[in-house]
Amino acid sequence: MSFPLLTVTAAVPAVGAVLTAAVPAARRTTAKWLALLVSLATLALAVLVAVRFEPGGARYQLTESRAWIPDFGVRYELGVDGIGVALIALTALLIPFVIAAGWNDADPLEAESPADSRWRPTQGFFALILLVEAMVIISFEATDVFLFYIFFEAMLIPMYFLIGGFGDRAHAGSDENAAAQRSYAAVKFLLYNLVGGLIMLAAVIGLYVVAGNFSLQEIAAARAAGTLDMSTNVERLLFLGFFFAFAVKAPLWPLHTWLPNAMGESTAPVAVLITAVVDKVGTFAMLRFCLGLFPDASKWATPVILVLALISIVYGALVAVGQRDIKRLVAYASISHFGFIIMGIFAMTSQGQSGATLYMVNHGLSTAALMLVAGFLISRRGSRLIADYGGVQKVAPVLAGTFLIGGLATLSLPGLAPFVSEFLVLVGTFARYPVIGIIATIGIVLAALYTLVLYQRTMTGPVKEEVRTMKDLRLREVLVVAPLIALLIALGVYPKPLTEIVNPAVEHTMSDVHQKDPKPEVAVEAKNGEAAK
């Protein structure tokens, strides 16, 4: 039996989480370094997965299959395609930066009196981050539907404790209701996602009744051979059950309302974990499971989903323009960006789906860069309100410069990575749904508005008195942000390494739904004209 690389890649952070949690309470620094080393080891394994993956090879590679619950057709089946490889690499890359950025976020607070003293379990904070990483990675690897469902739901538990137990310190130090607001945000996150998961569970059971097993590859083979007995109505109902859970996680309007609360009340690293890592499981699952298992139902639902994605794009951007809270602004901007991703997936074109996959990766990088710098800014001033800042670039030019680059990446400036993905999504959508593609460009204009206004109000103008003593980025913080900015520039100039991995997987997905890219009308008319001559 070959080396189980996929299992080890997910197991290392899981074991690391246990070891980190077991570090004695007095040795917080040891726990931090252990968590960071484990995350770097996981990154090395993710790189090995990417190196061993052959873009022109089989659809699912590095596969593992073992009996788990044979009486119910449940197997421990893993395998990765190009999309899974890209997202595993993104997850493994971001976690070390999340840990380094949150280095002091869970240390004990200095209380003014014994009655106000709070002890924050540092070891638990970093252990939970590693646990989330393990569950996300195995979700990207699972090709058994039931196995995927287990970890799709299980990751909610550590995220609940990260949101509710480790809130924004700037808020916690200034608001008596901070604990209640964190609790509200955590419970809302959990309830929304649990409801989606319960509906998906019913669909998973229904799929087993129809197919007799949970193997994604076996079900696809049965469909191709014409031996899968699934009526149109049953397929549509099962599709809706899966899609609803993924739309909550994504998040898609109108199921998005948990995200601004969760990101607003979390520390900046946990906010990055939510939107740059965990939420990608929802959009990834739309590609792998919705389109792979229910191709006809996916095409049937496409018009409605595209309208919802379009609403997400415009609504998220409009609400972001009016935000006074920096974190909530980034949250609503992410809702708009996820609208682009979902629109690209259901445009049913190779450009759209390639762009959507690249968007998942590039949005993770750009949001991580912007949110982490915003977290450094908030920790210095002790406020999330935009109005409390002004003139930061005069006292902290490195902080302001990195904030600007992160913001420009968020608005998809040409030359930075998100531009390539957003362009492909719009081209792919316009090719089949031109009206939707044209209206979606409103989101680009609004993104420029909320990003530049945010920078202007916080970084330019007269220096506010509370900002005068603000320190610039420290070495640790520069080491967190600089690699992300370098990747945004590198992938913006040369995205080929990603597209070469992603495009073959997109071709398989297009084949699943029996779709081909529409031919350009101009080219067809030109050929007809030449024939007439």
Side-chain angles (χ1 to χ4, degrees), residues 55-56 59 81-87 90 250 252 280 283-284 286-288 290-292 295 298-299 301-303 305-310 312-313 336-366 409 411-444 447 491-527:
R59 180 173 187 176
D81 59 3
I83 300 170
V85 168
L87 293 175
L90 171 69
L252 178 68
K280 298 300 187 299
T283 47
F284 164 80
M286 291 179 188
L287 275 168
R288 173 168 282 190
C290 286
L291 272 61
S298 297
K299 290 185 284 186
T302 286
I305 294 173
L306 287 178
V307 171
L308 294 177
L310 186 60
S312 288
I313 292 169
S336 181
H337 296 150
F338 274 103
F340 277 108
I341 294 171
I342 295 169
M343 185 176 73
I345 292 171
F346 286 90
M348 301 295 180
T349 61
S350 59
Q351 300 98 327
Q353 293 186 359
S354 294
T357 305
L358 292 179
Y359 215 135
M360 292 185 222
V361 176
N362 295 332
H363 170 264
L365 296 174
S366 62
L411 64 83
S412 299
L413 183 77
L416 296 175
F419 170 76
V420 179
S421 46
E422 194 166 281
F423 177 78
L424 285 173
V425 167
L426 289 171
V427 168
T429 303
F430 185 83
R432 199 179 293 277
Y433 303 97
V435 175
I436 296 289
I438 291 171
I439 297 174
T441 57
I442 296 173
I444 301 175
L491 292 175
V493 176
Y494 190 67
K496 187 179 178 181
L498 265 180
T499 57
E500 285 185 339
I501 293 176
V502 165
N503 286 343
V506 168
E507 291 176 6
H508 287 297
T509 304
M510 290 288 290
S511 177
D512 287 340
V513 293
H514 309 293
Q515 291 280 28
K516 294 182 179 180
D517 291 332
K519 296 180 179 179
E521 294 181 5
V522 175
V524 173
E525 290 175 0
K527 288 182 179 180

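These values consider heavy atoms only, across backbone and side chains, with no hydrogens, waters or symmetry-generated copies. The structure displayed is predicted, hence computed values, not measured ones. Note that the numbering runs from 1 along the sequence shown for the chain.
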Nearest-0.5 Å distance that lies between atom [atom1] in [X] and atom [atom2] in [Y]:
X      : Y      : atom1 : atom2 : answer
Leu426 : Ile436 : CG    : CD1   : 12.0 Å
Tyr433 : Leu310 : OH    : CG    : 13.5 Å
Arg288 : Met286 : CZ    : CE    : 15.0 Å
Phe346 : Ile305 : CZ    : CD1   : 4.0 Å
Thr509 : Met348 : OG1   : CE    : 10.0 Å
Ile444 : Leu413 : CD1   : CG    : 12.0 Å

- For Pro504, the side chain to side chain contact (heavy atoms under 4.5 Å, CB included) test, sequence neighbours excluded, returns Pro55

Show the nearest heavy-atom pair for residues [X] and [Y], with the distance to one decimal.
X      : Y      : result
Pro418 : Ala409 : CG-O, 3.2 Å
Leu491 : Ala417 : CB-CB, 3.7 Å
Ile342 : Ala250 : CD1-CB, 3.9 Å
Leu306 : Ala347 : CD2-N, 4.2 Å

- Query: Which one of Leu291, Val425, Val502 satisfies the side-chain contact (heavy atoms from CB on, under 4.5 Å) criterion with Gln353?
  - Reply: Leu291

Any residue meeting side-chain hydrogen bond (donor to acceptor under 3.5 Å, both in side chains) with [X], in chain and number order, not counting sequence neighbours:
X      : answer
Ser350 : Asp517
Arg432 : none
Thr283 : none

- Message: Test of understanding: with salt bridge (charged side-chain N to carboxylate O under 4.0 Å, His left out), list the residues that count as partners of Glu500, not counting sequence neighbours.
- Response: Lys496

- Check against side chain to side chain contact (heavy atoms under 4.5 Å, CB included), Leu411 and Leu416: CA-CA 10 Å; Leu411 64 83; Leu416 296 175; over 6 Å; no

- Query: Leu358 versus Thr499: any side-chain heavy-atom pair under 4.5 Å?
  - Reply: yes

- Task: Taking the side chain as every heavy atom from C-beta outward, state whether Phe338 and Leu252 have any pair of such atoms under 4.5 Å apart.
- Result: no

Can you tell me if [X] uses its side chain to pair, donor with acceptor, with the backbone of [Y] under 3.5 Å?
X      : Y      : answer
Thr349 : Gly428 : yes
Ser312 : Leu308 : yes
Ser354 : Asn503 : no

- Inter- and intrachain pairs under side chain to side chain donor-acceptor pair (under 3.5 Å), touching residues 413-422, at least two apart: Tyr359-Glu422, Asn362-Ser421, Ser412-Glu422

